[in-house]
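Letters A, B, ... are given to chains in the order of the sequence lines, protein chains preceding strands, and every chain is numbered from 1.
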Amino acid sequence: MNHGPTSRVGLFLSGGSMLEEEFSELEMNRLEKARRLRAEGLEPYPILSERDTSSQEAIAAFEAAEVAGSAEPVEVTLAGRIRAIRNMGKLSFAHIEDGSGKVQLFFRVDELGQEQLDAFARNFDLGDFIEARGTMFRTRRGEVTLQVSAFKMLAKALLALPADKDEQFNGVTVRHSVLTDPETRYRQRYVDLAVNPQVRETFKLRAKTVRALQEFLDGEGFIEVETPILQPIYGGAAARPFTTYHNQLKQQLYLRISFELYLKRLIAGGMERVYEIGRDFRNEGVSFKHNPEFTQLEFYMAYADYHKVMDLVERMVSFTAQKVAGTQKLKFRGHELDLTPPWRRLSIRDGLLEQLGLDIYELDSFDKLAAWMDAKGMKYDPAAPWGKLVSQLQEEYLEPKLIQPTFLCDYPRDVSPLAKQVPGKPQMTERFEIFVAGMELGNAFSELNDPMEQEQRFLEMGREYTEKDEEHHPMDEDYLRALAYGMPPTGGFGMGVDRLVMLLTNNASIREVILFPHLRESGSGAAEADAPEAQ
RNA sequence: GGGCGCGUAGCUCAAUGGUAGAGCAGUGGCCUUUUAAGCCAUUGGUUCAGAGUUCGAUCCUCUGCGCGCUCACCA
């Protein structure tokens, strides 16, 4: 059934492999070549490579010598994966690819002898790793090429990569086939990376994104820290956690759903500006913007409120876009986005006024708002608090309209248990979320630092969730103690790094920016029959 | 978890209620001392799995598995 390559990685060359019987003719062919090499005293998987430069460096060195009029030959040893072979009897051409790009190899009979030339044609296939020594030259067609004086196998590929031959038709490059099946691409990311250069590029940009965020925050005086992933009490977000267990301590533990409560302990301890970039885990559904484990950035700055956080965040994201994409203007999901600060700042109240003509400051109780929704024929949970109804309206009627980067401000207290109230508006809190292209990118607030008020919020939240019997939020007494020792006024912020990378690389799905996104365990029969788990 | 869609050769895709085809890749041959992304021939399929309807199923029905989109969930 599933004859994907994963199933046969465990086999070896010495024969006797049970899995060998499942080899296709094509694969048997390659295995025979590997065995033949070994029989001839040539190791198909040698330890050492003598490579001394990359393909693009070699080309650059040759071109520099050319310009300088140097007669000195450029001698190099290159290594890479064979991507194309053209055997022509008395000469052969090949293209190899390394981390820097592609370069052509030229095998010539009067340089290597017929025996060597035949050995290349007989033993080497697309996908093999080869090392080749020689001098660089320019062919009649003008392509800078390595004329090979010696070569050896570095690693024989037993499985064929998906074919991706390019052909020119009237000057247009046609790619005959590439690996596009999403399942194969995610499950066998190594094949995807080997065959799809833009995938490698995406993950280079992802690394650059994280570096840029660090560079920016470091420059603003933040200290990068690491806090526990295994937590006895989870918190800081409303999400179902993954649970695990420490055997020796006989202790139930949770994988963190946010960093928030630990980072604010650090602020209470006198670290004025801290951030963490790391993995969060939420036991929830998956979608184009949700993966059960995802990379989160959170920072906290003492003596700041959410307005100061907004100022910093728009500069941070704009800085990162410039570093990574080289521009503030991005194409994403059919939109033209402009990240140039300042971003729009819109309160939920004003937004709902604009979209629905609804003033939540007038309809400031559950009964009033519910009556209004009844009149409009809208459905809602009759057990929900007022703030939940506001959230529902905001999600349905407001968020999808927020295409250009927007700070959506001032959230109901009911749904913001860790945020400070807006002065004079006790049912609202100083909180904002960032929306870009209708997608939530970040979440922030003026952090609640009144321990007595925080305790009340925990209690209310605990009641609410206990009644629903779905999520139970235990009181985090140690966190309350930290607040009781005193935490300065603090602005905090959290952002999904994967989603930022989606924006910066114009990838519509979070799976495109996570190397190994979570997929359902693959089919029972295939997994059991194929996986050589004998241990 | 619900709805919709998809699953055919190594890869990308066709086709049909009468037993499956193309391009690329593979194999063999031609040929060639700075190109060939060439020419000729050829191998390769449990049409995701199981059951049902039918004289006959890859196609129709059901179930299962997997993937995608979407909804729900996700302050």
Side-chain angles (χ1 to χ4, degrees), chain A residues 1-5 23-30 84-95 104-112 114 117 125-127 137-145 147 159-169 173-187 191 195 236-240 257-258 280 282-290 292 294 384-385 387-388 390-392 394-395 411-419 429 431 433 440 443 445 457 461 464-465 470-471 473 496 508-509 511 519-527:
Chain A
M1 157 178 178
N2 176 6
H3 283 273
F23 263 23
S24 71
E25 190 184 335
L26 190 156
E27 290 152 1
M28 275 311 297
N29 212 293
R30 286 169 174 250
I85 296 179
R86 298 180 292 283
N87 290 320
M88 286 176 266
K90 295 217 166 25
L91 64 156
S92 288
F93 289 91
H95 274 92
Q104 182 169 251
L105 305 185
F106 173 54
F107 301 79
R108 197 181 166 192
V109 71
D110 52 3
E111 174 86 30
L112 291 161
Q114 192 64 49
L117 202 57
D125 293 299
L126 300 188
F137 76 107
R138 192 180 285 279
T139 66
R140 215 183 271 169
R141 287 261 184 119
E143 183 166 349
V144 178
T145 297
Q147 173 156 323
L159 304 179
L161 290 170
D164 68 337
K165 185 176 180 178
D166 291 345
E167 216 166 349
Q168 298 284 340
F169 285 117
T173 302
V174 177
R175 173 154 278 203
H176 274 291
S177 59
V178 289
L179 178 65
T180 55
D181 174 53
E183 181 173 0
T184 311
R185 288 186 49 231
Y186 301 149
R187 287 196 198 279
V191 177
V195 161
R240 269 169 286 184
I257 57 175
S258 85
D280 266 347
R282 297 189 182 176
N283 208 337
E284 292 158 1
V286 297
S287 79
F288 76 90
K289 53 185 175 181
H290 295 275
F294 62 98
K388 284 261 186 190
V390 173
S391 291
Q392 179 191 331
Q394 155 212 331
E395 283 163 23
Y411 281 63
R413 177 182 178 280
D414 299 339
V415 295
S416 311
L418 298 162
T429 58
R431 172 181 174 194
E433 291 187 326
E440 181 193 336
N443 182 21
F445 24 89
R457 302 277 192 96
M461 192 168 60
E464 188 187 324
Y465 285 110
E470 190 170 57
E471 299 172 26
H473 272 243
S509 167
R511 296 193 185 101
L519 300 178
R520 207 177 296 266
E521 194 174 4
S522 61
S524 49

Visitor: Look through every strand shown and name the nucleotide pairing with B:rC31 as Watson-Crick or G-U wobble, where both distances are under 3.5 Å.
Guide: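 Answer to the pairing question: none, since B:rC31 forms no Watson-Crick or G-U pair.
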Visitor: To the nearest Å, how far apart are A:D181 CG and B:rC13 P?
Guide: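 Going from CG in A:D181 over to P in B:rC13 covers 9 Å.
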Visitor: Let me know the distance between CG of A:L126 and C1' of B:rC11, rounded to the nearest Å.
Guide: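 Interatomic distance, CG of A:L126 to C1' of B:rC11: 13 Å.
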Visitor: Is any side-chain heavy atom of A:D280 closer than 4.5 Å to one of A:S258?
Guide: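 In contact.
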Visitor: What's the closest nucleotide to the side chain of A:S391 if the choices are B:rA75, B:rG68, B:rU33?
Guide: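 Nearest to the side chain of A:S391 among the choices is B:rA75.
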Visitor: Can you see if the side chain of A:R413 gets near the phosphate of B:rA75 - specifically, an N or O under 4.0 Å from OP1 or OP2?
Guide: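 So the side-chain polar atoms of A:R413 never come under 4.0 Å of the phosphate oxygens OP1 or OP2 of B:rA75.
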Visitor: Which nucleotide sits closest to the side chain of A:E183: B:rC73, B:rC67, B:rU33?
Guide: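 Output: B:rC67.
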Visitor: Quantified in whole Å, what is the P atom distance between nucleotide B:rC48 and nucleotide B:rG7?
Guide: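 Roughly 8 Å separates the two P atoms.
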Visitor: State which of B:rG68, B:rC69, B:rC11 makes the closest approach to the side chain of A:P182.
Guide: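 The answer is B:rG68, which lies nearest to the side chain.
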Visitor: Rounding to an integer number of angstrom, what distance separates B:rG29 and B:rG66 when you compare their C1' atoms?
Guide: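 It works out to 42 Å between them.
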Visitor: On RNA chain B, nearest-nucleotide positions of A:R511 versus A:S416: which is more 5'?
Guide: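 Its nearest nucleotide being more 5', the pick is A:R511.
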Visitor: Can you check the A:E284 CD to B:rC74 P distance for me, whole Å?
Guide: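 After rounding, the reported distance stands at 7 Å.
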Visitor: Which value, rounded to the nearest 0.5 Å, describes the distance between A:E433 atom CD and A:N443 atom CG?
Guide: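 A:E433 atom CD to A:N443 atom CG measures 4.5 Å (nearest 0.5 Å).
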Visitor: Could you tell me how far B:rC24 sits from B:rU33 if I compare only their P atoms? Round to whole Å.
Guide: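 About 26 Å, rounded to a whole number of Å.
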Visitor: Tell me the interatomic distance from A:H95, atom NE2, to B:rU35, atom P, rounded to whole angstroms.
Guide: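 It is 13 Å, rounded to the nearest whole Å.
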Visitor: Rounded to the Å, how far apart are A:F288 CZ and B:rC73 P?
Guide: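 Answer to the nearest Å: 15 Å.
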Visitor: Expressed as a whole number of angstroms, how long is the span from A:E395:CD to B:rC73:C1'?
Guide: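 So the two atoms are 11 Å apart, to the nearest Å.
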Visitor: May I have the distance from A:I85 (atom CD1) to B:rU32 (atom P), rounded to whole angstrom?
Guide: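 To the nearest whole Å, that distance equals 21 Å.
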Visitor: Quiz question: going by heavy-atom distance under 3.5 Å, is there a donor-acceptor pair between the base of B:rU35 and the side chain of A:Q104?
Guide: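 It does, because a donor-acceptor pair links the side chain of A:Q104 to the base of B:rU35 below 3.5 Å.
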Visitor: Main chain of A:S416, side chain of A:R457: is a donor-acceptor contact present, judged purely on distance under 3.5 Å?
Guide: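 Yes; at least one donor-acceptor contact below 3.5 Å.
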Visitor: Which of the following nucleotides, B:rC69, B:rU33, B:rU35, is nearest to the side chain of A:T145?
Guide: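 In terms of side-chain proximity for A:T145, the closest of B:rC69, B:rU33, B:rU35 is B:rU35.
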Visitor: Looking at A:I257, is its backbone amide N or carbonyl O close enough to the side chain of A:R282 to form a donor-acceptor pair, meaning the two atoms are under 3.5 Å apart?
Guide: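 Yes.
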Visitor: Using a heavy-atom cut-off of 4.0 Å across all strands, would you classify A:P412 as base, sugar-phosphate, or nothing?
Guide: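 Nothing, no nucleic acid heavy atom in range.
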Visitor: One pair to check against side chain to side chain contact (heavy atoms under 4.5 Å, CB included): A:I85 and A:S92. What are the steps and the verdict?
Guide: CA-CA 7 Å; A:I85 296 179; A:S92 288; 5.6 Å; no
Visitor: Quick check for you: among B:rC67, B:rU33, B:rU34, whose closest atom lies nearest to any side-chain atom of A:F137?
Guide: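 So the nucleotide nearest the side chain must be B:rU34.
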Visitor: Considering every strand shown, what is the Watson-Crick or G-U wobble mate of B:rA49 when both distances are under 3.5 Å?
Guide: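 Pairing partner: B:rU63.
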Visitor: Considering every strand and a 4.0 Å limit on heavy-atom distances, what is the contact class for A:E143: base, sugar-phosphate, or nothing?
Guide: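 If one applies the 4.0 Å heavy-atom cut-off, A:E143 turns out to touch a base.
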Visitor: Can you find a side chain N or O atom of A:R282 that sits less than 4.0 Å from OP1 or OP2 on B:rC73?
Guide: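 For B:rC73, OP1/OP2 do not have a side-chain N/O of A:R282 under 4.0 Å.
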Visitor: Output the distance between atom NE2 (A:H95) and atom OG1 (A:T145), rounded to the nearest 0.5 Å.
Guide: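 Here the interatomic distance stands at 6.5 Å.
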Visitor: B:rU47 and B:rU8: how far apart are their P atoms, nearest whole angstrom?
Guide: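 Nearest-Å result for B:rU47 against B:rU8 at atom P: 11 Å.
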Visitor: Identify the nucleotide, in any strand shown, that forms a Watson-Crick or G-U wobble pair with B:rG21, with both distances under 3.5 Å; if there is none, say none.
Guide: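 For B:rG21, the partner nucleotide comes out as B:rC13, under the 3.5 Å rule.
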Visitor: What distance, rounded to whole Å, do you find between the two P atoms, one in B:rG5 and one in B:rU61?
Guide: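 Roughly 11 Å separates the two P atoms.
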Visitor: Which value, in whole Å, describes the distance between the C1' atoms of nucleotides B:rU16 and B:rA57?
Guide: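 These two C1' atoms come out 11 Å apart once rounded.
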Visitor: Indicate, with a heavy-atom threshold strictly under 4.0 Å, whether A:E111 touches base, sugar-phosphate, or nothing.
Guide: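 If one applies the 4.0 Å heavy-atom cut-off, A:E111 turns out to touch nothing in the nucleic acid.
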Visitor: Counting just side-chain N and O atoms, does A:R30 come under 4.0 Å of either OP1 or OP2 of B:rG10?
Guide: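 Answer is no, no contact under 4.0 Å.
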Visitor: Please give, in whole Å, the distance from B:rG44 P to A:N29 CG?
Guide: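 Spelled out: CG on A:N29 to P on B:rG44 is 15 Å.
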Visitor: Hey, could you give me the CD/CG distance between A:Q147 and A:L112, rounded to the nearest 0.5 Å?
Guide: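 If I round to the nearest 0.5 Å, the distance is 8.0 Å.
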Visitor: With respect to the phosphate group of B:rU12, does any side-chain polar atom (N or O) of A:T180 fall under 4.0 Å of OP1 or OP2?
Guide: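 True: A:T180 side-chain N/O within range (under 4.0 Å) of B:rU12 OP1/OP2.
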Visitor: Go through B:rU27, B:rC11, B:rU33 for me and flag the one nearest to the A:R108 side chain.
Guide: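 Of the options given, the side chain of A:R108 lies nearest B:rU33.
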Visitor: Expressed in whole Å, how much space separates the P atoms belonging to B:rG64 and B:rG3?
Guide: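 One P to the other, the span is 11 Å.
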Visitor: Are any side-chain N or O atoms of A:T429 and backbone N or O atoms of A:Y411, one a donor and one an acceptor, separated by less than 3.5 Å?
Guide: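 Pair found, side chain donor or acceptor close to backbone of A:Y411.
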Visitor: With a 3.5 angstrom cut-off on both distances, give the Watson-Crick or G-U wobble partner of B:rU8, or none if there isn't one.
Guide: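 Check on B:rU8: unpaired, no WC or wobble geometry under 3.5 Å.
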Visitor: Distance between the C1' atoms of B:rA41 and B:rG56, in whole angstroms?
Guide: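 Result for the C1' pair: 35 Å, nearest Å.
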